Amino acid sequence: MSKIHSLRKTHLPVAQNASGRNLNVPVYHIKGSQPGPRVYIQSSIHGAEVQGNVVIYHLLQQLQDQAICGEIVLVPNCNPVGTNIKAGEYTLGRFDPVNGTNWNRGYYYDEQAVHRFADTVSADDSTDAIKTAFRQYQADHIAEKLANPWGLGLAQQLNLRLQQMAVDADIVLDLHNGPVSTRHIYIPDYARHAAMDFNIPHCIFIPNVFAGALDEACFCPWWTLTDALRDRLGVEHNFSVEAFTLEMGSQEVIHFGEGRIDAHSILAYLNRRGVLADCEITPDSMTRVGVSLSDYKTLYTDWGGMVEYLARPGDVVQKGQPLANILNIDELDNARGHQQLLAPCDLIPILHFPSASVLSGTQLYKVFTHYHTLSE
């Protein structure tokens with residue numbers, strides 16, 4: 001028998017096509033029978049990154065048998081515009097086709113607005129009261145942005161409508177994919193401990209710097225507010241808000257079996273955060289590797305050619321070992337027709353370019369360097 005107090009489905013209009021018809025996304029609302037954290041999970045802000053939809057499917061199936069504390073909002077395929085931008089067999093849904101904007105770079109964050117709010121807080125205000133007021137403050141600013149009389153680009157409109165649902169969340173998970181990729185997660189420095197709560201082997205620790213993405217738009221305001229109140233009032237508040245970008249393997253692919261495993265990983269994390277009652281799901285005992293964002297390097301090409309990728313995402317590669325074979329069509333009759341690309345240092349490839357046809361200046365690999373094994 002289902003232990004969910006209520007499961008409700010609504011539809012959110014996130015865009016409108018040239019015929020004036022709304023493009024809607026389904027939103028699944030789970031209301032627990034006990035108080036607890038608010039959780040927001042979305043997938044497919046980039047059109048080709050589809051595995052998160054299978055993960056959300058498995059989450060919905062598995063949550064039917066769990067007692068929920070708090071609320072969970074699940075938004076699969078949150079960008080139907082991007083999903084439907086096709087060129088032949090490929091999905092080109094990384095950028096707004098009209099304005100060229102990355103679909104994941106239009107969320108709202110204003111550092112100065114956070115400091116203005118901090119100036120209104122007194123030393124006697126409780127953490128809960130500050131949290132409630134600050135959420136409303138952010139929601140008002142997002143609504144104001146959406147009501148801009150000059151209008152907004154499609155990507156920013158979409159981002160802000162999604163952010164309106166995430167602004168009240170204590171936990172935000174944004175599910176993505178790399179081109180050809182192993183599973184990895186972006187973790188803000190203040191939440192480094194969370195690396196051990198997911199079953200994800202590769203962890204990138206990022207600073208409190210806003211670059212436009214949803215996870216940053218969700219954790220930067222709270223981190224900035226915490227620092228501002230500490231500096232001004234000498235009071236330490238723990239607002240217990242966490243946000244992560246989870247990279248669920250390779251784009252243009254769904255895998256139901258792996259989606260079940262990914263969902264189990266998320267449930268282990270949610271259980272650690274008190275979202276599940278009477279649940280025995282815990283994180284796996286596994287090797288987890290971490291790296292600072294500054295040591296997550298991109299290997300660009302200074303040549304063009306045809307590439308055989310030898311180093312697979314997740315492999316441990318020593319300096320001087322081959323990463324790829326390169327075929328130069330103009331030199332097939334001599335020794336320059338084939339060469340190997342060698343690792344410039346010890347590294348772990350996390351993702352690589354999806355095509356064998358490569359232009360000069362291509363981001364061929366993204367890799368961990370100066371990485372370390374994590375422990376509890």
Side-chain angles (χ1 to χ4, degrees), residues 49 102 104-105 173-216 219-220 223 227 242-251 262 265 269 283-303 307-326 339-354 358 360-376:
E49 301 179 15
N102 186 322
N104 194 39
R105 292 295 183 270
L173 305 181
D174 194 10
L175 309 186
H176 285 251
N177 297 91
V180 177
S181 174
T182 188
R183 279 159 174 74
H184 55 290
I185 182 172
Y186 289 88
I187 300 176
D189 274 328
Y190 77 90
R192 294 176 73 93
H193 57 280
M196 308 306 295
D197 298 334
F198 292 94
N199 300 330
I200 297 179
H202 301 102
C203 306
I204 304 166
F205 299 110
I206 60 176
N208 182 30
V209 176
F210 180 67
L214 178 63
D215 60 340
E216 298 156 350
F219 70 69
C220 281
W223 194 348
D227 287 348
E242 295 183 343
F244 310 96
T245 292
L246 282 64
E247 301 280 353
M248 310 266 77
S250 303
Q251 65 190 26
D262 293 331
S265 170
Y269 164 79
D284 292 345
S285 176
M286 60 183 294
T287 299
R288 296 172 175 85
V289 176
V291 72
S292 296
L293 182 63
S294 58
D295 290 318
Y296 184 41
K297 300 292 189 181
T298 301
L299 182 63
Y300 294 90
T301 66
D302 57 5
W303 42 262
V307 175
E308 176 190 11
Y309 299 93
L310 300 176
R312 297 171 301 176
D315 286 350
V316 175
V317 179
Q318 304 300 316
K319 179 179 180 179
Q321 289 185 328
L323 292 173
N325 283 321
I326 305 153
Q339 61 178 314
Q340 284 195 326
L341 176 67
L342 305 181
C345 66
D346 294 349
L347 54 83
I348 299 176
I350 300 300
L351 57 85
H352 66 68
F353 193 64
V358 172
S360 60
T362 293
Q363 296 184 28
L364 195 69
Y365 276 99
K366 297 191 77 171
V367 304
F368 279 14
T369 64
H370 304 295
Y371 52 87
H372 57 282
T373 301
L374 303 177
S375 59
E376 291 279 7

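Given the structure is predicted, the values throughout are model-derived calculations rather than measurements.
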Roughly how far apart are [X] [atom1] and [Y] [atom2], rounded to 0.5 Å?
X	Y	atom1	atom2	answer
Phe205	Ser294	CZ	OG	12.5 Å
Thr362	Asp302	OG1	CG	11.0 Å
Thr298	Gln363	OG1	CD	5.0 Å

State, with a plain yes or no, whether a side-chain heavy atom of [X] is found less than 4.5 Å away from one of [Y].
X	Y	result
Tyr365	Leu323	yes
Val307	His352	no
Pro201	Met286	yes
Ser250	Val180	yes
Pro313	Ile350	no
Leu341	Leu299	yes
Thr245	Leu214	no
Ile206	Tyr296	no

Any idea which heavy atoms bring [X] and [Y] closest together, and the distance?
X	Y	answer
Lys297	Thr369	CG-OG1, 3.7 Å
Tyr300	Gly361	CD2-O, 3.6 Å
Pro207	Trp223	C-CZ3, 4.0 Å
Phe368	Tyr371	O-CD2, 3.8 Å
Val317	Ala311	CG2-CB, 4.0 Å
Ala195	Cys203	CB-SG, 3.8 Å

Could you tell me whether the side chain of [X] and the main chain of [Y] form a donor-acceptor pair under 3.5 Å?
X	Y	result
Ser181	Leu351	no
His176	Glu247	no
Glu308	Asn325	no
Asp315	Arg312	yes

From CA spacing to verdict: side chain to side chain contact (heavy atoms under 4.5 Å, CB included), Glu242, His193: CA-CA 11 Å; Glu242 295 183 343; His193 57 280; 3.1 Å; yes

Run the side-chain donor-acceptor check on residues 182-189: report pairs under 3.5 Å with partners two or more places apart or on a different chain.
residue : atom : partner : partner atom : Å
Arg183  : NE   : Asp262  : OD1          : 2.7
Arg183  : NE   : Asp262  : OD2          : 3.2
Arg183  : NH2  : Glu258  : OE1          : 3.2
Arg183  : NH2  : Asp262  : OD2          : 3.0
His184  : ND1  : Thr182  : O            : 2.8
Asp189  : OD1  : Arg192  : NH1          : 3.2

Non-neighbouring partners of Asp284 that pass salt bridge (Lys or Arg N to Asp or Glu O under 4.0 Å), sequence neighbours left out: none

Salt bridge (charged side-chain N to carboxylate O under 4.0 Å, His left out) partners of residues 363-373, not counting sequence neighbours, each pair once: none

Side chain to side chain contact (heavy atoms under 4.5 Å, CB included) evaluation trace for Leu342 with Lys319: CA-CA 7 Å; Leu342 305 181; Lys319 179 179 180 179; over 6 Å; no

Leu173, Asp215, Ile200 screened by side-chain contact (heavy atoms from CB on, under 4.5 Å) with Phe244, the one that passes: Leu173

